[in-house]
Amino acid sequence: MSIKSDLENFVSIAEDEVGYKEKPGNDNKYGEAFGHNKVSWCGWFIAWCAKEAGISTTASSAECPEIPELGLVSDIYKWYKRSNRSLIPNVSNTSSANYPKVGDLVIVDTSGGTTGTNHIGIVAAMNGSTVTVIEGNSSNAVEKNDYKNLVFSGQRISYLCSNNVSY
């Protein structure tokens with residue numbers, strides 16, 4: 001398959017999960033699939049979707065569109081940085097390499113800053129400066145949220161993890 005079709009499949013799998021809700025105490029199928037249940041699970045949601053799409057890896061770095069089987073967002077960020085696939089997002093220029101694309105990951109600073117690495121989601125769509133993101137462990141569920149100019153409900157996209165292009 002091509003990178004584009006692999007990532008479209010990845011996003012489709014994530015979209016099919018929208019509405020899934022955890023059980024009390026962070027009990028969820030995504031962390032459980034990797035032996036890490038009952039912990040924050042936004043990263044495990046990403047890993048689960050990638051595994052279902054056949055694009056997951058346990059390697060220390062990889063080319064597009066491979067996605068690491070990691071659960072901690074800070075570890076995912078470090079992995080993308082090592083793989084030369086971590087960027088500062090730019091939604092003001094659609095032709096920029098830093099413009100999010102479907103299938104990319106975005107790391108969110110839940111405190112509204114620009115350098116935090118405590119939440120992650122999958123880019124499902126782009127419309128100008130609005131990034132539609134599918135997120136696991138968003139209000140204890142899988143949700144689709146719109147970040148306008150990188151901001152949603154006091155949270156801010158701090159990093160873009162490219163699954164479309166390696167640098």
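Remember, predicted model here, so these are calculated numbers, not experimental data.
Contact record, Asn137 with Glu22: OD1-OE1, 3.5 Å, taken as the closest heavy-atom pair. Listed here is the closest heavy atom pair of Thr57 and Glu66: CG2-CB, 4.0 Å. Contact detail for Asn37 and Asn28: the closest heavy-atom pair is OD1-N, 2.8 Å. Nearest approach of Ser158 to Gly116, heavy atoms of both residues: OG-O, 2.6 Å. When all heavy atoms of Thr110 and His119 are compared, the closest pair comes out as CG2-CB, 3.7 Å. Between Ser56 and Ala47, the closest heavy-atom pair is CB-O, 4.4 Å.
A 4.5 Å side-chain heavy-atom check between Tyr77 and Ser86 finds at least one atom pair inside the cut-off. Residues Pro89 and Asn98 fail the side-chain proximity criterion, which asks for heavy atoms closer than 4.5 Å. Contact check for Ile46 versus Ile67: side-chain heavy atoms found under the 4.5 Å cut-off. Counting only heavy atoms from C-beta outward, the side chains of Tyr159 and Thr115 approach each other to under 4.5 Å. Proximity of Phe45 to Ile120: side-chain heavy atoms (C-beta onward) are nowhere separated by under 4.5 Å. Counting heavy atoms from C-beta on, the side chains of Thr58 and Pro68 never come closer than 4.5 Å. Tyr147 places none of its side-chain heavy atoms less than 4.5 Å from the side chain of Arg156. The side-chain heavy atoms of Thr117 and Asp109, taken from C-beta on, include no pair separated by under 4.5 Å.
Looking at Lys21, its side chain never comes within 3.5 Å of a backbone N or O of Gly19 through a donor-acceptor pair. Here the side chain of Ser83 pairs a donor or acceptor atom with the backbone of Trp79 at under 3.5 angstrom.
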Problem set entry | side-chain contact (heavy atoms from CB on, under 4.5 Å) between Cys161 and Asp104, intermediate numbers included | CA-CA 6 Å; Cys161 299; Asp104 286 343; over 6 Å; no
For this session: Apply side-chain contact (heavy atoms from CB on, under 4.5 Å) to Leu160 and Ile88, showing your working.
Result: CA-CA 6 Å; Leu160 172 65; Ile88 302 299; over 6 Å; no
Exercise. Where do Ile55 and Asp6 land on the side-chain contact (heavy atoms from CB on, under 4.5 Å) test, with the steps shown first?
Worked result: CA-CA 7 Å; Ile55 57 172; Asp6 284 340; 3.9 Å; yes
For this session: Go through the steps for Met126 and Val91 under the test side-chain contact (heavy atoms from CB on, under 4.5 Å), then give the verdict.
Result: CA-CA 9 Å; Met126 287 297 306; Val91 294; 4.2 Å; yes
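Sorted by first then second residue, the salt bridge (charged side-chain N to carboxylate O under 4.0 Å, His left out) pairs that include residues 67-77, not counting sequence neighbours, are Lys51-Glu69. Residue pairs that meet the salt bridge (charged side-chain N to carboxylate O under 4.0 Å, His left out) test with at least one member in residues 126-149, sequence neighbours left out, are Glu15-Lys144.
In this structure, SG on Cys49 lies 10.0 Å from CG on Asn9, to the nearest 0.5 angstrom. Taken to the nearest 0.5 Å, the CD1 atom of Ile157 stands 11.0 Å off from the CG atom of Leu105. Between Asn84 atom CG and Glu63 atom CD the span is 8.5 Å, to the nearest 0.5 Å.
Taking 4.0 Å as the cut-off between side-chain N and carboxylate O, Glu17 and Lys29 count as a salt-bridged pair.
Between the side chains of Asn163 and Tyr80, a donor-acceptor pair is found at a separation under 3.5 Å. Side chain to side chain, Ser162 and Asn164 fail the donor-acceptor criterion of an N or O pair below 3.5 Å.
Among Leu150, Asn93, Asn149, the single residue meeting the side-chain contact (heavy atoms from CB on, under 4.5 Å) criterion with Ser129 is Asn149.
A single hydrophobic cluster is not seen to contain both Tyr99 and Val151; linkage of ILVMFWY side chains at heavy-atom distances under 4.5 Å, directly or through other members, places them apart. Phe34 is not connected to Leu72 by any chain of hydrophobic side-chain contacts under 4.5 Å among Ile, Leu, Val, Met, Phe, Trp and Tyr, and they are in different clusters.
Ring pair Trp44/Tyr30: centre-to-centre distance not below 6.0 Å.
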